[in-house]
Amino acid sequence: MMEARRSHFWRSDGRRLSGLSTLLLLLPFFALVAFVFVYPILQLLVISILEPHPTSENYARVVENPVHMRVLLRTLWTATLVTALSVVLGFPVAYYMSRAKGTVAALVAVCVILPLWSSVLVRTAAWSFLFQRNGLINSALMSLGLTSQPFKLLYTQSAVVIAMTHVLLPFMILPIYGALRSIPSDYARAAAVLGATRLRTFLEVILPLSLPGVVSGSLLVFLTAIGFFITPALLGSPQEMMISTLVSKQIREVLDWPFAAALVGVLTVFVTLLAVIFSKTLRFDRLMGNAS
Amino acid sequence: MKPPTDRGSLALAAYVYAVLAFIIVPLVIVIPMSFSQNDYLTFPPSGFTLKWYSEYFDSRQWRAATWLSVQVALLTALFASVIGTAATYAMIRGRSRLVTAFQILLIGPIIVPHIALAVGLYLFFQTIGLSGTIPGFVLAHTVLTLPFVVFTMAAALGKVDANLEAAAMSCGATRFQAFRLVTLPLVLPNLVSSALFAFIISFDEPVVSFFLSGVRQKTLPRRMFEDIEQNLTPVIPAIATLLIVLSILILLGAQVLRSRSVTRIASQ
């Protein structure tokens with residue numbers, strides 16, 4: 001299945017390039033990735049186990065110190081929460097999008113795709129305006145008489161979860177939309193002809209067939225959320241760090257490279273393992289609008 | 001499906017529009033704020049002024065950061081589209097023994113958290129003197145944007161009939177001539193749109209830029225990060241509005257190009 005799909009993706013019929021030309025065309029790619037991606041990551045991993053001397057100490061500090069352990073657990077919990085919220089908010093949008101036609105479809109698509117291509121900093125800044133003491137949310141709550149005191153919203157974990165869900169939601173919607181679009185419309189009609197109600201058709205036909213999209217979207221959101229830096233750094237509380245903000249602190253303030261390298265090692269290995277386990281479901285090309 | 005007349009469909013539509021409002025409102029809210037006369041970012045905005053825009057355009061620091069980001073993004077777009085297209089072409093027309101290695105290394109920079117790559121590059125580039133330099137930013141951003149170029153170009157090049165090139169070659173064209181005169185014109189809209197996407201990804205890229213920026217060489221996202229972190233001045237909504245307009249222009253450009261692409265022609 002995967003083989004067939006892969007060979008379709010890299011469809012190569014007709015006259016082949018010679019081995020030498022292929023190699024020359026691929027050389028800049030491999031050289032760049034080796035130099036700017038593989039080497040720097042490997043160097044960090046090496047530092048994490050060799051400095052100050054060959055040791056597992058750096059990793060022990062990650063798991064044995066309860067403060068650091070809490071950062072890891074908070075990161076996992078936040079990413080899980082963001083993923084769950086994204087499914088709940090994103091699935092109906094993807095479903096609606098897959099059924100919509102004409103102007104409505106275009107409108108929904110713009111709402112989903114425009115944020116994806118706009119700056120993460122812009123979206124995070126917008127939330128920091130909204131969450132301020134005298135920001136829109138507190139003004140609205142107070143003018144509605146729901147509260148007399150403004151809430152502390154900025155620099156809380158809730159702010160981080162809400163803003164991260166906002167930023168990552170398109171990563172959930174697009175893969176689910178892709179999966180829903182690939183379900184032949186005959187299936188729903190066949191179920192209806194056989195007497196299934198619309199709810200039953202949805203539960204027994206559409207939902208199971210859309211699950212690969214849900215898994216793919218969830219992984220994309222979860223993997224991105226785990227290492228997310230900008231939003232926790234700007235909206236989160238310094239007392240409730242995530243792994244990325246802890247790494248940044250180790251490097252910018254504490255200058256503890258071996259420990260920072262071990263944190264990056266934990267993060268990278270965990271994320272890579274997940275990606276390898278689920279490699280068949282991850283479809284990054286869908287983010288570029290390839291619905292097939 | 002039936003038209004949405006029953007309760008279930010109405011409830012679905014209401015829910016969906018509420019979620020869409022959640023997605024889009026925080027993005028557009030910065031636009032009225034950027035014209036507000038208030039010195040503090042209070043809501044609702046009052047009055048109308050362009051002073052925050054002129055503050056942005058008059059500030060040497062903001063201009064320097066913007067110009068650095070423009071240069072980096074242009075060079076990234078150029079390198080990523082050329083290197084990505086060459087590699088994609090080789091994968092499609094060449095021997096595919098390297099497929100697995102290629103795919104892993106392509107996806108790697110998207111899977112591995114940007115913070116990890118940023119920290120690794122920070123260390124590496126400092127030892128070789130690339131930190132805070134234009135080549136340093138361009139190298140890093142090229143790796144981050146390559147996957148998007150390759151996905152776009154794989155979809156486009158896969159739809160070009162290999163026999164077209166074979167025909168050109170049997171008429172005496174070299175492989176390069178066949179590519180340049182037959183295949184390239186067919187995929188040019190896709191190539192330009194992949195360069196547009198590479199440009200905007202690089203221009204907006206915050207994490208690697210954050211760590212690679214020096215004291216003087218700061219990209220626009222790095223300057224914005226500092227401003228939001230420290231004092232959150234009303235210049236930020238003005239810049240945010242300009243960046244949203246830029247994203248809209250890029251997406252419109254990509255949409256126009258898509259309507260002319262080989263993908264569309266092939267399906268007609």
Side-chain angles (χ1 to χ4, degrees), chain A residues 9-17 19 22 25-26 28-29 32-33 36-37 40-41 43-44 89 92-93 96 99 111 114-115 117-123 125-130 132 134-136 139 166 169 223 227 229-230 234 244 247 251 260 264 267-268 271-272 275 284-285 288 290, chain B residues 1 12 15-16 19-20 23-24 26-27 29-30 41-43 83 86-87 89-96 99 105 107-113 115-116 119-121 124 139-140 142-143 148 151-152 154-155 158 162-163 166 200 204 206-207 221 224-225 228-229 232 236 240 243-244 247 251:
Chain A
F9 192 64
W10 306 114
R11 190 164 50 181
S12 54
D13 38 30
R15 289 168 72 162
R16 293 288 181 94
L17 279 171
T22 311
L25 286 168
L26 283 169
F29 173 86
L32 186 75
V33 173
V36 186
F37 171 67
I41 298 280
Q43 189 185 22
L44 276 185
L89 295 176
V93 175
Y96 191 79
R99 309 267 135 166
C111 286
L114 177 62
W117 292 101
S118 63
S119 161
V120 172
L121 273 170
V122 168
R123 287 177 279 169
W127 282 107
S128 107
F129 301 142
L130 290 169
Q132 285 199 2
N134 48 8
L136 179 60
S139 313
H166 177 252
L169 201 46
L223 292 178
F229 174 64
I230 294 296
L234 288 175
S244 56
V247 169
I251 284 165
V264 168
L267 184 62
T268 307
V271 162
T272 309
F284 289 99
D285 48 315
M288 297 303 286
N290 305 336
Chain B
M1 286 256 107
L12 173 69
Y15 185 86
V16 167
V19 176
L20 291 178
I23 297 178
I24 214 75
L27 205 61
I29 208 137
V30 296
L41 291 156
T42 48
F43 220 86
I83 296 175
Y89 183 77
M91 291 315 296
I92 288 180
R93 293 274 192 272
R95 339 219 153 230
S96 46
V99 166
L105 289 176
I107 302 292
I110 325 188
I111 295 275
V112 169
I115 182 89
V119 169
L121 283 175
F124 179 39
L139 284 171
T142 303
V143 164
F148 299 95
F151 293 146
T152 310
N163 289 323
I200 192 75
D204 285 340
V207 183
M224 289 174 70
F225 185 99
I228 299 167
E229 190 180 40
L232 199 65
I236 290 291
L243 286 179
I244 292 171
S247 295
L251 281 173

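Throughout, protein chains are lettered first and strands after them, A, B, ... in sequence-line order, and every chain is numbered starting at 1. Please read these numbers as outputs of a predicted model, since none were measured by experiment.
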Inset, instruction - Would you mind reporting whether B/V207 and A/I230 have side-chain heavy atoms less than 4.5 Å apart? - result: yes
Inset, instruction - Can you measure from CZ (B/F225) to CG (A/L121) and round to the nearest 0.5 angstrom? - result: 7.5 Å
Inset, instruction - Give the member of B/V119, B/I200, B/L12 that has the highest number of heavy-atom pairs under 4.5 Å with chain A. - result: B/V119
Inset, instruction - Provide the closest heavy-atom pair for B/I115 versus A/G227 in the form atom of the first, atom of the second, distance. - result: CG2-O, 3.6 Å
Legend entry - Over all atoms of both residues, closest heavy-atom pair of B/S247 and A/L114: CB-CD1, 4.2 Å
Legend entry - Distance, nearest 0.5 Å, that separates CG of B/L232 from CZ of A/F129: 4.5 Å
Inset, instruction - Supply the atom-to-atom distance A/W117 CH2 to B/L251 CG, rounded to the nearest 0.5 angstrom. - result: 7.5 Å
Legend entry - Any A/L25 side-chain heavy atom under 4.5 Å of B/R93 side chain: no
Inset, instruction - Provide the closest heavy-atom pair for B/V19 versus A/L89 in the form atom of the first, atom of the second, distance. - result: CG1-O, 3.6 Å
Legend entry - Nearest heavy atoms of B/Y15 and A/P92, plus distance in Å: CE2-CG, 3.3 Å
Inset, instruction - Considering only heavy atoms and a distance below 4.5 Å, find which of B/A87, B/P109, B/A240, B/G108 pairs most often with chain A. - result: B/P109
Inset, instruction - Any chance you could measure A/L130, atom CG, to B/I29, atom CD1, to the nearest 0.5 Å? - result: 5.0 Å
Legend entry - Residue among B/V30, B/L139, B/I244 with most heavy-atom pairs under 4.5 Å to chain A: B/L139
Legend entry - Contact check, side chains of A/S118 and B/L243, non-hydrogen atoms, under 4.5 Å: no
Legend entry - Spatial distance of atom CD1 (B/I111) from atom OG1 (A/T268) [nearest 0.5 Å]: 11.5 Å
Legend entry - Portion of B/L105 that has a non-hydrogen atom of chain A nearer than 4.5 angstrom: both
Inset, instruction - List the atom of A/A126, the atom of B/P26, and the distance in Å for their closest heavy-atom pair. - result: CB-O, 2.9 Å
Legend entry - Heavy-atom contact with chain B under 4.5 Å, split by part of A/L32: both
Inset, instruction - Report the residue from A/L26, A/T22, A/L17 that forms a side-chain contact (heavy atoms from CB on, under 4.5 Å) with B/M91. - result: A/L26
Inset, instruction - Would you indicate whether the side-chain heavy atoms of B/T142 and A/V36 approach each other to under 4.5 Å? - result: no
Inset, instruction - Answer whether the closest heavy-atom distance between the side chains of A/V122 and B/L27 falls below 4.5 Å. - result: yes
Legend entry - Heavy-atom side-chain contact between B/V112 and A/V271 under 4.5 Å: no
Legend entry - Where B/A116 and A/L44 come nearest, the two heavy atoms and their spacing: O-CD1, 3.7 Å
Legend entry - Top contributor to chain B interface from A/F29, A/F229, A/W127 [non-hydrogen pairs under 4.5 Å]: A/F29
Legend entry - Approximate separation, where rounding is to 0.5 Å, of B/L20 CG and A/C111 SG: 5.0 Å
Legend entry - Options A/V93, A/L267, A/L234, A/V33, ranked by heavy-atom pairs under 4.5 Å with chain B, top entry: A/L234
